[in-house]
Amino acid sequence: MQEYLIDVIQKGLKAVGIETSTPVTIEKPARKEFGDFSTNIALVLAGECKTNPRKLAQELISHLSFRPGTVGKTEIAGPGFINFHLTPSFIMQSLEQVIREGESFGRMCSGKGQKAIVEYVSANPTGPLTIGRGRGGVLGDCIANLYEALGYDVTREYYFNDAGRQMKILAESVRLRYLERCGDTVEFPDTHYQGPYIRDIAEKLYEHHGDALKEHETLDEFKQTAEQFIFASIKNTLHRLNIHHDSFFNEHKLYQPGENGKSANDEVIEALKEKGFISEYDGAVWFSTTKLGQEKDKVLIKSSGEPSYRLPDIAYHVTKFERGFSDIVNVFGADHIDEYPDVVEAVRILGYEAENIKVAINQFVTTTVNGETVKMSTRKGNADLLDDLIDDVGADATRLFFIMRSKDSHLNFDVELAKKQSRDNPVFYLQYAHARICSLLKMAERETDFIASSAETGLLQNLESPHELQLSLALQELPEVIQTAARLLEPQKMVDYLHTIAELFHRFYQECPILKSDEELRKARLYLALATRQVLQNGFRILGITAPEAM
RNA sequence: GUGCCCGUAGCUCAAUUGGAUAGAGCAUCAGCCUUCUAAGCUGAGGGUUACUGGUUCGAGUCCAGUCGGGCAUGCCA
């Protein structure tokens, strides 16, 4: 519909004799008096053409030629906007398409044949997932869904490291709790993991081995058990939120020598050295980021000989390019903000298309408990567990809470409010609209033998009230919303949109009797309800929430 | 100190990325169920968009500065 208008305007510009590279943009005016669509092209071009915008608009309008039955009225408004009023029949023709395409409405092919990778969660197995982690998890999952809707072949990846220092502390923590369980008196340092799950793991070890592990020299048994236990817990939590990864990438792989005897890490060092971005001093190997205008170089290999996290990170991203991904999306929290610019610079130096890496950084989650803001730390064990939250409010509300705010704003998770399970909960508003439609359609089947048939959608032409037209027009925006949300890596746009759809539907439902209308109007309204349900379902699928048929 | 994010109604947040009279939810107040699900709808009140200046037809949005909050600034990840 927008494309059609753009096309007509471009032809009009040519007819007026204006050659320009400025793209024509179509907007939806904020107020309905201003029509269904508008363009600011006259305002934009007035400067270029050295003329008055209203005058230019006037001239342009007289050169626009629409197909009959599409645009009812065009007018100039304000400083030089051109507003278009569509005819109801044009709106309904487009709406028929929604019904025809069904669940594939909103699925596009702009990403067809391309591979995208979305990396998210990526928590090391040092403890169960906290509420803070949930935000990135749901954000990443929705972004992956959006890319899928664009037609991409999407891989959902989880990157983790089970070899670092934190894992050693974890193993040591478990060992101490185990010794405690065996009856020893131990001093438990506060640098260690305090959470209750450490005791659970220790208990498990004690059940299996008694006190046979007391004399073990190495931490291996403790580490492995802990990792298994915690990973199972993490995966289970993610599963409850309907989050499933296709691939778990262990950082360890990057240390292992390949066929040529070199590890991925080695190869990065070598390649950077060749480009002149490696320097060695203070017993360490550095990425010469000072050459890129940064204040300090960054350590790649510590004086102990071990790589710092930055090196495998770069090597990891190289694998993403080597694996053929054209779109690389990383989702992580604000605490990793300093990490990715180095990675991007490094892969650029190595000759990859660094601009294909997109980063979605979500701001932190604070939780409000009894009016008090609590900051969370896994190590201190005071973090609220994601699992507990899901127990309290359910997976749908949990997911929606995390993405109903833009990722750039701090999310204040009022745990008390979320636990209330009351109507305050925004997920109900959306789901209720869906349930209402389901119930309506069921009743229509039972009482009027209504059976949806694509041959009948022409009946939509009977709709003409403002409520009906507004809803119909909004339903057609789904593909555009998906594109915007994907481009901005911002599923919140989808939440907002679905809220609008639900609102417009409730209003339509309130004002327009459906089952009590005459047959043609009744059917027309049922098809509108059907199309609404379809759009809600397609949107819910991207957000990963369920579409209940009854509430 | 420096870099990134944020500052919008009493509270939590939007605002089509520079557009027309800044909008939703919660909370408050007033209406709407003998009629398709009232988890809904309608209406009211509530704002110097932190502050100051600048850019232009036009600024919550862009630029500079000030104030306030978060994160980062490790040979931790």
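All chains are named by letter (A, B, ...) in the order of the sequence lines, taking the proteins before the strands, and each is independently numbered beginning at 1. In what follows, every heavy atom counts, from backbone to side chain, and hydrogens, waters and symmetry copies are set aside. What you are looking at is a predicted structure, and each value in this text was computed from that prediction instead of being measured.
- Both thresholds, 5.5 Å between centres and 30° between ring planes, are met by A/F81 relative to the base of B/A20, so the two rings are stacked.
- The CZ atom of A/F402 sits 16 Å away from the C1' atom of B/U12 (whole-angstrom rounding).
- In this entry the distance linking NZ of A/K32 with C1' of B/U21 reads 13 Å, nearest Å.
- A/M443 comes within 4.0 angstrom of sugar-phosphate atoms only, judged by non-hydrogen atoms across all strands, and of no base.
- Checked against the 6.0 Å centroid criterion, the rings of A/Y432 and A/F505 do not qualify as a close aromatic pair.
- For the residue pair A/N161 and A/Y309, no side-chain donor N or O sits within less than 3.5 Å of a side-chain acceptor on the partner.
- As judged by a 4.0 angstrom heavy-atom cut-off over every strand, A/D282 is placed among the base-contacting residues.
- Within 4.0 Å of A/C512, counting heavy atoms only, lies at least one base atom of the nucleic acid.
- At a threshold of 4.0 angstrom between heavy atoms, the contacts of A/K516 include nucleobase atoms, whether or not backbone atoms are also involved.
- The same atom, C1', is picked in B/U2 and in B/G19; the two are 36 Å apart, to the nearest Å.
- Applying the 4.0 Å criterion to OP1 and OP2 of B/C76, one finds that A/K302 has a side-chain N or O inside that range.
- Within 4.0 Å of A/R507, counting heavy atoms only, lie sugar-phosphate atoms of the nucleic acid but no base atom.
- Nucleotide B/U42 forms a pair with B/A30, judged by Watson-Crick or G-U wobble geometry with both contacts under 3.5 Å.
- Between the side chain of A/Y309 and the base of B/A77 there is at least one donor-acceptor pair of N/O atoms closer than 3.5 Å.
- Following rounding to the nearest Å, A/E511 (CD) and B/U42 (P) show an atom-to-atom distance of 7 Å.
- With a 3.5 Å ceiling on both atom-pair distances, B/U61 lacks any Watson-Crick or G-U wobble partner.
- Aromatic ring pairs are classed by plane angle as parallel below 30°, tilted from 30° to 60° and perpendicular above 60°; the pair A/F450 and A/Y527 is perpendicular.
- Straight-line distance between the C1' atoms of B/G18 and B/C62: roughly 8 Å, to the nearest whole Å.
- Residue A/N412 contributes atom CG, which lies 21 Å from atom P of B/C5 at whole-angstrom precision.
- With a glycosidic angle no further than 90° from 0, B/U17 counts as syn.
- The aromatic ring of A/F364 is not stacked on the base of B/G70, since the criterion of ring centres less than 5.5 Å apart with planes inclined by under 30° is not met.
- A/N83 comes within 4.0 angstrom of a nucleotide base, judged by non-hydrogen atoms across all strands.
- Nucleotides B/G47 and B/A24, compared at atom P, are 16 Å apart to the nearest Å.
- A/E447 comes within 4.0 angstrom of no nucleic acid atom, judged by non-hydrogen atoms across all strands.
- Residue A/R165 has no polar side-chain atom (N or O) positioned under 4.0 Å from OP1 or OP2 of B/A77.
- With hydrogens and angles left out, the side-chain atoms of A/Q166 and A/N124 include no donor and acceptor closer than 3.5 Å.
- A/H467 has its ring centre no less than 6.0 Å from the ring centre of A/Y509.
- Side-chain proximity of A/Q492 to B/A15, B/C5, B/A20: nearest is B/A15.
- Here A/S38 lies in heavy-atom contact (under 4.0 Å) with a base.
- When the P atom is compared between B/G3 and B/G65, the two are found 9 Å apart, to the nearest whole Å.
- B/A20 and B/A59 have their C1' atoms separated by 13 Å, given to the nearest Å.
- Residue-level contact check: A/A77 touches the bases, meaning some heavy atom is under 4.0 Å from a base atom.
- The nucleotide B/C67 finds its pairing partner in B/G7, both defining distances of the Watson-Crick or G-U wobble pair being shorter than 3.5 Å.
- Across B/C71, B/G74, B/A14, the shortest atom-to-atom separation from the side chain of A/S409 is found for B/A14.
- Only the P atoms considered, B/G23 is 14 Å distant from B/A9, to the nearest whole Å.
- The distance between the ring centers of A/F249 and A/Y316 falls below 6.0 angstrom.
- Nucleotide B/U16 holds its P atom 17 Å from the NE2 atom of A/H499, rounded to whole Å.
- Rounding to whole angstrom units, CG of residue A/N124 and P of B/C76 are separated by 15 Å.
- Across all strands, A/A433 comes closer than 4.0 Å to no nucleic acid atom at all (heavy-atom distances).
- Taking side-chain N and O atoms only, A/K407 has no distance below 4.0 Å to OP1 or OP2 of B/C5.
- Counting any heavy atom pair closer than 4.0 Å across all strands shown, A/E549 reaches a base atom.
- In this structure, A/P341 reaches neither bases nor backbone, as no heavy-atom distance under 4.0 Å exists between it and the strands shown.
- If you look at A/F84 and A/Y4, their ring centroids are not closer than 6.0 Å.
- Taking for each of A/Y159 and A/Q363 the nucleotide of RNA chain B with the nearest heavy atom, the 5'-most of the two is the partner of A/Q363.
- Under the 3.5 Å distance criterion, the side-chain polar atoms of A/S439 are left unmatched by any main-chain donor or acceptor of A/A435.
- Among B/A77, B/G40, B/U21, the nucleotide with an atom closest to any side-chain atom of A/E339 is B/A77.
- Residue A/Y509 places no side-chain N or O under 4.0 Å from the OP1 or OP2 atom of B/A39.
- Using modelled atom types, one finds no donor on one side chain facing an acceptor on the other under 3.5 Å when comparing A/E345 with A/Q294.
- Using a 4.0 Å heavy-atom distance criterion, A/R310 is classed as making no nucleic acid contact.
- Rounded to an integer number of Å, the gap from A/Q510 CD to B/A39 C1' is 13 Å.
- For B/U73, neither phosphate oxygen OP1 nor OP2 lies less than 4.0 angstrom from any side-chain nitrogen or oxygen of A/K298.
- None of A/K320, A/E157, A/E339 except one satisfies the side-chain hydrogen bond (donor to acceptor under 3.5 Å, both in side chains) rule with A/N330; the exception is A/K320.
- Side-chain N/O atoms of A/T500 include none lying less than 4.0 angstrom from OP1 or OP2 on B/A24.
- Atom C1' of B/G7 sits at a distance of 16 Å from the matching atom of B/A15, rounded to the whole Å.
- Across the strands present, B/G23 finds its partner in B/C13; the criterion is a Watson-Crick or G-U wobble pair with both atom distances under 3.5 angstrom.
- Judged by closest nucleotide on RNA chain B, A/L488 is the one of A/H506 and A/L488 placed further toward the 5' end.
- A/Q431 has its CD atom 18 Å from the P atom of B/U37, to the nearest Å.
- OP1 or OP2 of B/C75 has not a single side-chain nitrogen or oxygen of A/S303 nearer than 4.0 Å.
- Only the C1' atoms considered, B/U56 is 45 Å distant from B/A30, to the nearest whole Å.
- Glycosidic torsion of B/C51 falls outside 90° of 0, placing the base in anti.
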